[in-house]
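A short write-up of the structure that comes next.
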Amino acid sequence: MVLSGELHVSGITYLPGQHGWLPAGTLRHSSAAPHGALAFTAFSGQATWVRSDRDEPDGPAQRTPLESVVIPRGGLPLTPHSALLDTPIPLDRDAEVITVPTWTWERSALIPEGRVLVRWGQ
């Protein structure tokens, strides 16, 4: 998720508030942040980079503006360890929390009011 700046990955430009997803095995190429960027990145397993001579994406990529995505009651799971939530809920342990409107990050067991992206430890 891009918190500030602009990030270019595999021909897609991500702006602040946009969440990108590249599934395991997807070719990632031409990554750049021309004017700098701050992004929150999470992997669902061990990150392993494999070199390739190909230069075309070979899997799906999604770009989602988190401010406007519809969230079902109880949250929208993004990975087994993360969710996008609209209402405060109690957590049973500390989690990484990004508050969507302000793009601020904190580690807490308390969810602030409003829309948040939560990532629990694995």
Side-chain angles (χ1 to χ4, degrees):
M1 179 193 340
V2 176
L3 302 177
S4 66
E6 183 175 293
L7 186 61
H8 301 216
V9 180
S10 302
I12 297 176
T13 299
Y14 297 91
L15 300 173
Q18 292 183 329
H19 173 269
W21 176 69
L22 287 85
T26 299
L27 179 66
R28 181 182 63 97
H29 67 90
S30 307
S31 299
H35 306 289
L38 177 62
F40 175 79
T41 305
F43 298 90
S44 60
Q46 181 66 32
T48 304
W49 305 108
V50 179
R51 292 196 173 276
S52 174
D53 293 332
R54 298 179 295 163
D55 62 359
E56 295 297 324
D58 62 349
Q62 295 179 358
R63 176 181 52 201
T64 307
L66 295 181
E67 295 96 333
S68 60
V69 69
V70 176
I71 302 175
R73 186 177 184 96
L76 177 66
L78 299 175
T79 72
H81 302 287
S82 69
L84 187 61
L85 304 169
D86 253 340
T87 56
I89 62 165
L91 298 176
D92 60 352
R93 61 189 186 282
D94 282 356
E96 294 172 310
V97 178
I98 296 173
T99 303
V100 172
T102 59
W103 305 115
T104 54
W105 176 92
E106 66 180 298
R107 186 163 181 81
S108 176
L110 302 173
I111 303 279
E113 289 284 335
R115 185 162 287 195
V116 294
L117 177 66
V118 178
R119 180 172 181 258
W120 293 272
Q122 296 180 19

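- Interatomic distance, CG of Asp94 versus CD of Glu106, reported as 10.0 Å (0.5 Å rounding).
- The minimum heavy-atom distance between Ala95 and Trp120, with the atom names listed, is CB-CD1, 3.8 Å.
- The nearest pair of heavy atoms linking Leu7 to Ala39 is CD2-CB, 4.3 Å.
- In terms of heavy atoms, Pro16 sits closest to Gly5 at CD-O, 3.1 Å.
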Item to check | side chain to side chain contact (heavy atoms under 4.5 Å, CB included) between Gln18 and Val2, worked out | outcome: CA-CA 6 Å; Gln18 292 183 329; Val2 176; 5.6 Å; no
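- For the atom pair OG1 of Thr13 and NE2 of His8, the computed distance is 4.0 Å after rounding to the nearest 0.5 Å.
- Of the inter-residue distances, the one linking Phe40 atom CZ with Glu96 atom CD reads 4.5 Å to the nearest 0.5 angstrom.
- In terms of hydrophobic clustering, with Ile, Leu, Val, Met, Phe, Trp and Tyr side chains grouped at heavy-atom distances under 4.5 Å, Leu110 and Val118 are assigned to different clusters.
- One finds the CZ atom of Arg73 at 13.0 Å from the CG atom of Leu85 (value rounded to the nearest 0.5 Å).
- Taking CG of Leu117 as the reference point, atom CD1 of Ile98 lies at 5.0 Å (rounded to 0.5 Å).
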